Structures are given as structure tokens and as C-alpha cells.
Amino acid sequence: MPSIYELDLSDLASLLDDEPRYRVGQVWRGLWDEALDVSGITTVPKALRQRLAAQFAPALEVAHEVTSDLGATRKWVFRLHDGATIETVLMNYADRVTVCVSSQAGCAMGCSFCATGQAGFTRHLSVGEVIEQVMFAARAAAPRRLSNVVFMGMGEPLANYRVTAEVVKRLHEHRSMSARHLTVSTVGVAPAIERLAGEGLALTLAVSLHAANDTTRDELVPLNRRYPLARLRSACEVWLETTGRRLSFEWALIEGVNDTDRAMHELAEYAGGLRAHVNLIPLNPTPGYLVRGSRLARVSEFREGLESLGVNATVRNTRGRSIDAACGQLAAVTNARVSRVSLRSR
Ligand code: SAH
Ligand code: SF4
């Protein structure tokens, strides 16, 4: 059975065309404003809830939950209808509440330092499967209001283009989220960046750069062999010209690989030309990549160096590292352990 979040407003209206018109609005508000599941929409009669519950099923089943940062960071492993698993992370900050969603189960891009890439690709997620992650997090965040959605979980959002664009559009239209609060992170699928620029969607784009010379980037990010840095730069230029919005580059600092002075100058030149903001992420450990992240002192130096070269740079914190919930650590591996445990306890 599909998720009810596969439906757009017009789909819901035609499904409920035998009901009074105001019911459509009631169901829609329950789903989108209040993030309720069908059974929780008590503004409509029970018979209608039952009818919807017979046609639609929640897409996500919690297989496992872990928390860290004194409860401020929560990660869920969800099992999907076909047994595929994904991860979603909720992060409470003083000024915002952010959910990091997965766009695919696994990822086919094979970046060497990323746990998702190491685990390989299972399948694309559907619109409903991505939106349900947001709604689940919105319920868990209460009484605080979920303010930001970042597509930085498992998968490459621009490899699942139609779903990503549709989810962004719906979150903007139906939950009134602004471009500043919706971020899509891409490894650099150049033609998809250009296409996305033309959609007129409200979103912020982050490009995972990690290296600003092709030799190093070919090694870290295999997709660079297909869309090398010059090709990526022209896609970024199209983004800037078409949307008028700045973009940011993500750079996971890896000791001796991309944290040298030379790497800093290469990055400053590449980012400076595009007026991009740089987000530095100290590399988080993953089982399949043995090179270390840069030491914190080097991270600060690198940031200051970029600033002195005229590039805005911030350091992203490593929320959730201890529960494998930080950037690049999502692999839904806990699932194997969880299913063994639950089998035993049955
Ligand atoms: N596929 C998209 C979005 C998911 S990855 C992308 O690659 O952009 C989200 C971010 O985590 C990306 O910037 C990615 O490069 C980064 N990342 C991956 N592995 C990491 C690791 N081990 N440590 C720190 N950041 C990592
Ligand atoms: Fe995929 Fe992004 Fe991980 Fe690369 S960094 S393997 S694109 S999820």
C-alpha cells in the first residue's frame, strides 16, 4: 500500500470526491500542518479515517532509534515496505530544528570516505518515503517546530531528481518552508544542477567539493571523472546566474589529503570565482576509509587561511558522531544487529 504522502492536493480531492468538500481541507491540514498520520486526524469522522487507513499505509517502520548530545540529536533507522533500510537524523539547535533526510537507500556514487558510498546502492526513495521522514521528525520535534530540512542523509538527491524536486516543491508550498530552510546537497551532478536551476524552486544548494584539483577529486569522488571541476564550475555558474542565489561548498577535511596549504589555495581560487561559501566538515570516521580527519587545530587554521584569502568559511560541528549519525556515517548497518536482536527476543 502506498504512503498517503504520495498524494498531492488534487489527488486527494479526487479521491474524496464523494465526501463534503471541506473534508479535503481537513485531511490536508492534518497531514501537512500538523504532521499527523491518518489515524490521528480526529477532525474527520472515524469512518473516513478507516477508509484512508485501508488504502494507505505508513511508509516507515522504526527499526532502531539512538540518541546523543543529551537527547538533542536523534537518529532513526527505518525499514521500508520491501525491507530496504534508510536513516534520518533530527538535530535540535538553540535557534533551529533540522532534519537530515535520505533520498535513496544507499548510494551509487561510491565516494571513498563515505559510509553510504561504501555500502552501495539499493534503490531510489519515493516522494512519500522522503516526506514521511520529514513528518516523522516534525512529530518527534514537538513542541518545537521543525524549521530546516537538509538532503544530506543517505543517497545522492540529484540522482533521484524527480523525487527531490517534487519534495522540495511540496515542502515549500504545503509547509511554507523558505529557500533558506531547504538545502539540497549534491556530489556534483552537473547537468542536474543546471536543470534544477531552471525549476524556479525555493532551495539552497550545497555542492560537496572536497578537492579543487581533478587528480585528488577523481580519487575522493569518482563522479568527478564524468563531470570534472571545469564542468562543475560551469554548472555552478548557471546556478548563480539563473537563481541569483549563492551556493556553498562542502569540504570534509582529511589529514594530508585536502588540508594542505596548496589545497587551501586551490579551494580559495575555485570558491572565490563563484563567490561561494565554504562549509568545512572535520572528516567523520567510517569503517571503510582509514585516513584520518584533520586535527581540530588544523581545521581552525584552514578556516582562517580561507578567510584571509577572501573566502567565507564556517566549520560544521560533528553532531551525532558517537551514534554514527554525523555526515557520511549513515549506512543503516545497525539494522542487521537490530533484526538479530528482535528475532531472538520473539
Ligand atoms: N550525496 C550528497 C548528500 C549526502 S552526503 C552529497 O554527497 O553531497 C552529505 C555530506 O556528507 C556531503 O557533503 C558528503 O561529502 C559528506 N560526507 C560524506 N562522508 C563524510 C565523512 N566521512 N565525514 C564528513 N563528511 C562526509
Ligand atoms: Fe553518495 Fe554523497 Fe556518500 Fe558520495 S558522499 S557516496 S554522493 S551519499
Side-chain angles (χ1 to χ4, degrees), residues 86-89 91 98-125 130 133 149-161 163-164 167-168 182-190 192-193 196 203-211 216-227 232 235-236 247-255 257-259 267 276-294 299 314-322 324-333:
I86 55 163
E87 297 188 332
T88 306
V89 184
M91 289 157 287
T98 301
V99 64
C100 175
V101 296
S102 294
S103 54
Q104 300 177 313
C107 183
M109 297 296 167
C111 304
S112 48
F113 51 87
C114 168
T116 312
Q118 290 156 17
F121 178 69
T122 305
R123 70 166 169 87
H124 292 303
L125 300 190
V130 181
Q133 295 173 66
V149 177
V150 297
F151 288 71
M152 293 186 184
M154 298 170 75
E156 168 49 42
L158 297 191
N160 190 7
Y161 184 90
V163 165
T164 298
V167 171
V168 167
L182 289 168
T183 302
V184 169
S185 174
T186 177
V187 69
V189 189
I193 293 174
L196 192 66
L203 79 147
T204 300
L205 188 69
V207 175
S208 298
L209 197 64
H210 307 310
T216 313
R217 196 163 193 269
D218 280 351
E219 268 169 39
L220 294 175
V221 177
L223 190 75
N224 194 66
R225 293 173 210 150
R226 189 139 156 226
Y227 304 117
L232 181 58
C236 293
L247 43 78
S248 60
F249 287 131
E250 290 157 282
W251 189 278
L253 277 164
I254 310 168
E255 193 170 70
V257 174
N258 64 1
D259 70 349
L267 168 58
H277 178 94
V278 172
N279 241 316
L280 300 169
I281 319 167
L283 183 83
N284 292 305
T286 58
Y289 189 70
L290 299 176
V291 186
R292 274 204 313 206
S294 309
V299 173
T314 44
V315 177
R316 182 178 298 158
N317 69 23
T318 52
R319 274 291 180 101
R321 212 187 233 203
S322 65
D324 287 346
C327 285
Q329 292 187 309
L330 304 182
V333 281

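Because the structure is predicted, anything quoted here is derived from the model rather than measured. First listed ligand is number 1; within each ligand, the first listed atom is number 1.
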Ligand 1 N/O to protein N/O, distances under 3.5 Å:
| from | atom 1 | to | atom 2 | distance (Å) |
| --- | --- | --- | --- | --- |
| ligand 1 | 1 (N) | G155 | O | 2.9 |
| ligand 1 | 1 (N) | E156 | OE1 | 3.2 |
| ligand 1 | 8 (O) | S185 | OG | 2.6 |
| ligand 1 | 8 (O) | S208 | OG | 2.6 |
| ligand 1 | 13 (O) | S208 | OG | 2.7 |
| ligand 1 | 13 (O) | E250 | OE2 | 3.1 |
| ligand 1 | 15 (O) | H210 | NE2 | 2.5 |
| ligand 1 | 22 (N) | F113 | O | 2.9 |
| ligand 1 | 22 (N) | N284 | O | 2.9 |
| ligand 1 | 23 (N) | N284 | N | 2.8 |
| ligand 1 | 23 (N) | C327 | O | 3.4 |

key: Reference residue V150; test side-chain contact (heavy atoms from CB on, under 4.5 Å); the match among T183, V184, V89, L182   = T183
message = Could you work out, with ring pair (Phe, Tyr, Trp, His ring centres under 6.0 Å) as the rule, every residue matching F121, not counting sequence neighbours?
response = H124
ask   = Do any protein N, O or S atoms sit under 2.8 Å from atom 3 (Fe) of ligand 2, and which ones are they?
value = C114 SG
message = What I'd like to find out is whether the side chain of Q133 reaches to under 4.5 Å of the side chain of I86, using heavy atoms alone.
response = yes
ask   = Does the side chain of L220 come within less than 4.5 Å of Y289's, by heavy atoms?
value = yes
request  = List in chain and number order the residues that pass salt bridge (charged side-chain N to carboxylate O under 4.0 Å, His left out) with E255, two or more places apart in sequence or in another chain; answer none if no residue qualifies.
outcome  = R292, R295
message = Would you say that R316 contacts M152 through its side chain, given a criterion of any heavy-atom pair below 4.5 Å between the two side chains?
response = yes
inquiry  = What I'd like to find out is whether the side chain of L253 reaches to under 4.5 Å of the side chain of V315, using heavy atoms alone.
reply    = no
key: Non-hydrogen side-chain atoms of E219 and S112 separated by less than 4.5 Å   = no
inquiry  = Side chains of T186 and E156 only: does a donor on one sit below 3.5 Å from an acceptor on the other?
reply    = yes
